[in-house]
K.L.:
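I'd like to ask you about the structure that follows.
Just so we're clear, the structure is a prediction, and the values are computed from it rather than from any experiment. Both counts, for ligands and for their atoms, begin at 1 and track the order of listing.
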Amino acid sequence: MAYTAMVIGAGIAGSASAIALHKAGIRAVVYEAYERTADNAGVFLTLAVNALDAMRALDLDVSDLGFDTPRITISSGSGRKLGELPYGTTLSGGMVSRTVKRADLYRALRARAVSSGVRIEHGKQLVDAETTGDGVLARFADGTVATGDLLIGADGLRSRTREVIAPDAPGARYTGLLNTGGYARGISSGSEPGVMNALFGRRCFMAYTSHPNGEVWWVANPACATEPTPAELAAIAPEEWRTRLTGLFRQDRGPAVDIIAATDKIFVGWNTYDLPTVSRWHRDRMIIIGDAAHATAPSIGQGAAMAIEDAVVLAKCLRDAPSISAAFTTYESLRRERVERVVEQGKRTGGWKALGPVARLPRDLVMSLAMKRMARAGNDPSQWIYEHHIDWDEPVRDSS
Ligand SMILES: Cc1cc2nc3c(=O)[nH]c(=O)nc-3n(C[C@H](O)[C@H](O)[C@H](O)COP(=O)(O)OP(=O)(O)OC[C@H]3O[C@@H](n4cnc5c(N)ncnc54)[C@H](O)[C@@H]3O)c2cc1C
């Protein structure tokens with residue numbers, strides 16, 4: 001169909017959506033709130049194989065970014081290795097999960113969207129949207145408006161589009177964990193490059209992985225029962241993070257304290273959230289995708305993956321369904337169950353991290369038994385997440 005789509009947000013879901021729509025023959029214009037993107041420049045994320053599979057459907061290759069991350073090891077603060085798992089399956093051609101800097105991923109997606117002919121307008125913060133007789137009118141904070149046949153809200157966790165579509169939808173849920181991290185140089189983590197090490201310490205969780213260039217990329221998740229305000233978080237200076245984290249990991253075996261000491265600049269901290277169930281994803285000609293519709297806690301490393309899968313599946317639905325409304329209904333029937341299961345699994349994983357020193361012993365025991373059972377049975381309970389495949393050419397069956 002020769003639609004024109006307005007995509008709100010040039011993050012992961014928005015840029016991937018623009019690329020997918022273009023491939024489906026649908027004209028897309030992207031409206032991004034920020035003038036120049038800050039992109040949370042320091043942060044990194046792992047694109048699990050299901051994300052890479054969805055990117056393949058768009059002929060998107062990120063093999064020049066970051067590094068392969070084929071395995072995860074899990075250990076406790078006592079230094080005991082609780083288990084080791086593949087980080088998802090291996091795709092044809094030997095492709096495995098890949099860890100990349102978030103800013104590099106954003107840049108690559110946007111560059112590809114623009115080179116496909118998609119226009120990205122910066123400084124366009126959506127403040128409202130309404131359906132007209134045969135389209136949608138979007139209003140921006142700078143007083144300008146835009147129109148299109150449909151509007152895709154890819155505007156993240158604090159989505160304004162979500163408020164327009166579902167004013168009663170719950171907001172983001174604080175998970176009880178903070179996040180910080182950094183890049184350590186000049187030390188060895190003692191781990192093979194690319195292996196993601198999950199350290200369930202006595203008082204805090206850390207994940208670290210060595211880049212083949214020798215850097216150690218890490219994040220830590222201190223538990224914090226009450227949600228700090230943005231001002232409270234901003235007031236924690238990098239050196240204060242260093243002191244706090246060093247204290248939290250002091251009793252643990254493993255390289256955590258050395259990694260923290262070898263990091264020049266510790267990231268400004270942030271809270272972690274998820275967004276379990278938004279009962280309404282679309283109304284008339286407007287829809288939400290990515291974190292705007294179903295944010296998952298970072299613990300499961302699937303938020304970006306879900307956003308990219310969403311973008312590809314929605315473009316296929318718009319390509320094949322007889323109307324926008326049928327496309328949206330079909331899209332929801334294909335996506336809701338999967339993303340809500342992922343959010344639930346992310347919540348459970350995050351729960352392991354937030355346990356205090358008393359609960360840690362039974363936790364380590366349960367995890368160790370679970371890992372042994374998995375190794376014996378030869379299957380990972382997250383396999384269903386990684387094995388998801390999207391065939392771009394396969395027509396979508398209308399379920400409206
Ligand atoms: C610490 C951390 C670690 C993570 N690690 C992983 C990982 O390892 N693997 C993984 O798959 N996922 C990970 N994630 C999750 C992943 O980053 C998100 O799920 C993903 O970025 C969601 O993409 P999105 O495009 O929906 O939202 P975003 O990337 O947040 O993009 C939203 C965009 O919309 C713009 N915007 C917002 N409001 C408006 C408006 N009103 N008008 C116009 N534009 C607007 C924003 O400026 C932004 O550019 C992690 C997240 C965190 C916080």
K.L.:
Output all residues satisfying side chain to side chain donor-acceptor pair (under 3.5 Å) with Thr161, sequence neighbours left out; order by chain, then residue number.
P.N.:
Asp155
K.L.:
Assess whether side-chain contact (heavy atoms from CB on, under 4.5 Å) is satisfied between Arg336 and His294, documenting all intermediate values.
P.N.:
CA-CA 9 Å; Arg336 188 177 276 281; His294 51 69; over 6 Å; no
K.L.:
Charged N to carboxylate O under 4.0 angstrom, Arg158 versus Asp291?
P.N.:
no
K.L.:
For Val43, state whether at least one heavy atom is located under 4.0 Å from any atom of ligand 1.
P.N.:
no
K.L.:
A cation-pi test, strictly: NZ or CZ of Arg341 under 6.0 Å from the centre of the six-membered ring of Trp384 and no more than 45 degrees from its axis. Yes or no?
P.N.:
yes
K.L.:
Hey, does Phe44 come in under 3.5 Å of ligand 1, counting only N/O atoms on both sides?
P.N.:
no
K.L.:
May I ask you to test the Ile289-Arg335 pair for a side-chain heavy-atom distance under 4.5 Å?
P.N.:
no
K.L.:
Suppose we screen for side chain to side chain donor-acceptor pair (under 3.5 Å). Which residues come up paired with Asp53, at least two apart in sequence or across chains?
P.N.:
His389
K.L.:
Looking only at N/O atoms, are Thr46 and ligand 1 under 3.5 Å apart anywhere?
P.N.:
yes
K.L.:
With heavy-atom distances below 4.0 Å as the criterion, list the atoms of ligand 1 near Asn179.
P.N.:
1 (C)
K.L.:
Between Phe249 and Cys204, is any pair of side-chain heavy atoms under 4.5 Å apart?
P.N.:
yes
K.L.:
Going by the atom numbers of ligand 1, which of them fall below 4.0 Å from some non-hydrogen atom of Gly303?
P.N.:
10 (C), 11 (O), 12 (N), 15 (C), 18 (C), 19 (O)
K.L.:
Tell me which one of Trp270, Tyr31, Phe267, Tyr273 gets a heavy atom nearest to atom 1 (C) of ligand 1.
P.N.:
Trp270
K.L.:
Under 4.5 Å between any side-chain heavy atoms of Lys124 and Asp142, yes or no?
P.N.:
yes
K.L.:
With heavy atoms under 4.0 Å as the rule, classify the contact between Ala154 and ligand 1 as side chain, backbone, both or neither.
P.N.:
backbone
K.L.:
Polar-atom distance check: Leu47 versus ligand 1, any N or O pair below 3.5 Å?
P.N.:
no
K.L.:
Within the 3.5 Å criterion, strictly below it, is a donor on Asp274 or Thr296 matched to an acceptor on the partner's side chain?
P.N.:
no
K.L.:
Taking non-hydrogen atoms only, is Phe140 closer than 4.0 angstrom to ligand 1 via side chain, backbone, both or neither?
P.N.:
neither
K.L.:
Short list, please: which atoms of ligand 1 are under 4.0 Å from a heavy atom of Lys124?
P.N.:
42 (N), 43 (C)
K.L.:
Select the closest option to atom 36 (N) of ligand 1 among Leu105, Ile289, Asp155, Leu109, judged by heavy-atom distance.
P.N.:
Asp155
K.L.:
Under 4.0 Å from ligand 1, counting heavy atoms only, is it the side chain of Met306, its backbone, both or neither?
P.N.:
neither
K.L.:
Can you list the atoms of ligand 1 that are under 4.0 Å from a heavy atom of Gly290?
P.N.:
26 (O)
K.L.:
Would you indicate whether the side-chain heavy atoms of Ile324 and Ile287 approach each other to under 4.5 Å?
P.N.:
no
K.L.:
What part of Tyr106, side chain from CB on, backbone N/CA/C/O, both or neither, has a heavy atom under 4.0 Å from ligand 1?
P.N.:
side chain
K.L.:
Applying the side chain to side chain donor-acceptor pair (under 3.5 Å) criterion to Asn179, which one of Asn271, Thr272, Asn221 satisfies it?
P.N.:
Asn221
K.L.:
Does any N or O of ligand 1 fall below 3.5 Å from an N or O anywhere on Leu45, backbone included?
P.N.:
no
K.L.:
The test is side-chain contact (heavy atoms from CB on, under 4.5 Å); show your working for Ile266 and Trp218 and say whether it passes.
P.N.:
CA-CA 10 Å; Ile266 295 182; Trp218 64 276; 4.2 Å; yes
K.L.:
Looking at ligand 1, would Arg102 count as a contact under a 4.0 Å heavy-atom criterion?
P.N.:
yes
K.L.:
If you measure every N/O of Pro298 against every N/O of ligand 1, is any gap under 3.5 Å?
P.N.:
no
K.L.:
Can an N or O of Leu126 be found at a distance shorter than 3.5 Å from an N or O of ligand 1?
P.N.:
yes
K.L.:
Using a 4.0 Å cut-off to any heavy atom of Tyr34, which atoms of ligand 1 qualify?
P.N.:
47 (O)
K.L.:
Which atoms from ligand 1 have a heavy atom of Ala305 less than 4.0 Å away?
P.N.:
11 (O)
K.L.:
Can you list the ligand 1 atoms lying under 4.0 Å from a non-hydrogen atom of Ile8?
P.N.:
42 (N), 43 (C)
K.L.:
List ligand 1 atoms under 4.0 Å from Gly156, heavy atoms only on the residue side.
P.N.:
27 (O), 32 (C)
K.L.:
Thinking salt bridges, do Glu344 and Lys347 make one under a 4.0 Å N-O criterion?
P.N.:
no
